[in-house]
Q: 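Below are the structure tokens for one structure; questions will follow.
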Amino acid sequence: MSKLMSDKKLMTDKKLIDGKKIAADIRAELKAKTDKLLNDTGIRPGLALLLVGDDPASRVYVNSKIKACAEIGFRSITKELPANTTEAEVLGIVKQWNEDPDVHGILVQLPLPKHIVDNNVIRAISPDKDADGFHPESMGRLVIGLPGFVSCTPAGILELLIRSNISIKGKHVVVVGRSNIVGKPIANLLYQKTPNANAVVTICHTGADDISYYTKQADILIVAVGVAEVIKGDDVKEGVVVIDVGMNRVDDATRPRGYRLTGDVHFPSVSEKASAITPVPGGVGPMTIAMLLSNTFKAAAGEIGG
Ligand code: GUN
């Protein structure tokens, strides 16, 4: 590697937010807490996972979650059902897990087959076992600042910022995307009047005439739209902190698999201007599972409620 290239790599390494390392730290902390909980109380955290249908990406995600549970000493229970399973059958399984004292967290992998209404299933999960933080009660608690389960990707983004010593108070955070899973909860998390937040938050979305009008004003830019490399260097200001939630497959004949993974942010041009940035993969992705484990631990340890 030439000196110029190695200098550039050093510069990039310094400002990369290493989600893989931070997630590994969190998992190690949780493993120690899990050992202690088991030792002190005999409780082993248990996560129940339901996969309906044969979406290959969902299967990969569920397998990663099962593996992550095993690595830190959680029990996991998995049910895999065919795509023609009825909504009533799914609701029956959720009810059974709601009543099972060995199940502390419940996760129904989304998307569900079209004939099942996601919201009916999410609302059937006991709010006390809502490891995904998708239940309306969890969302409501977040909005009004009560303790509760926070959706895993937003919770992971907050941890990434805190553990990278990025100050949030008074900063202008611009969130691109308004999904229930990322955009809405991360905005609500970051404007709360708490020591680790207290930002001024703008949410922009496809309703905006010119998204870059907003993104250029961001001190911290969070992008969660699911469109490959849509935010370019010209859309951000110098020194911005960038959190890229996207995970998109882009055809690439030079790769053995025929595709590469990329975020919603065009990394080469945006990283030139950013003071810190998450890579894809290895940024936000690993944090989501770490926070799922954290939510399940909190449910098992009775840390949430009231
Ligand atoms: N599908 C994609 N991401 C998620 C997630 O975080 N939780 C669930 N339940 N389904 C998903």
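We count ligands from 1, going down the list as the structure has it; atoms in each ligand are counted the same way. A quick note: this is a predicted structure, and the numbers were derived from the prediction, not measured.
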Q: Taking distance alone, no hydrogens or angles, what donor-acceptor pairs closer than 3.5 Å link side-chain atoms of residues 278-292 to residues at least two apart or in another chain?
A:
residue: T278; atom: OG1; partner: D244; partner atom: N; Å: 2.8
residue: T288; atom: OG1; partner: T153; partner atom: OG1; Å: 3.0

Q: Does NZ in K237 sit with more than 12 non-hydrogen atoms of other residues, nucleotides or ligands closer than 6.0 Å?
A: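 Counting neighbours around NZ of K237, more than 12 heavy atoms of other residues, nucleotides or ligands fall under 6.0 Å, so yes.
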Q: Suppose we measure from atom 3 (N) of ligand 1 to each protein heavy atom; which comes out shortest, and what is that distance?
A: Q109 NE2, 4.3 Å
Q: Can you tell which of L110, L49, D132 gets a heavy atom nearest to atom 5 (C) of ligand 1?
A: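 Heavy atom nearest to atom 5 (C) of ligand 1 belongs to D132.
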Q: Is ligand 1 less than 4.0 angstrom away from at least one heavy atom of Y61?
A: no
Q: Does a side chain donor of either E272 or S269 reach within less than 3.5 Å of an acceptor in the other side chain?
A: no
Q: Compute whether any side-chain donor of one residue and acceptor of the other, for T194 and N196, lie under 3.5 angstrom apart.
A: no
Q: Classify the contact between L107 and ligand 1 as side chain, backbone, both or neither, using a heavy-atom distance cut-off of under 4.0 Å.
A: side chain
Q: Are side-chain N/O atoms of N248 and T262 paired as donor and acceptor at under 3.5 Å?
A: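 Note: N248 and T262 side chains miss the donor-acceptor criterion.
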Q: Should you measure from each heavy atom of V108, which atoms of ligand 1 turn up under 4.0 Å away?
A: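 Once the distances to V108 are compared, the set is 8 (C), 9 (N).
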Q: Hey, is I181 touching ligand 1 through its side chain, its backbone, both or neither, going by heavy atoms under 4.0 Å?
A: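 Near ligand 1, I181 shows nothing, with every heavy atom at 4.0 Å or more.
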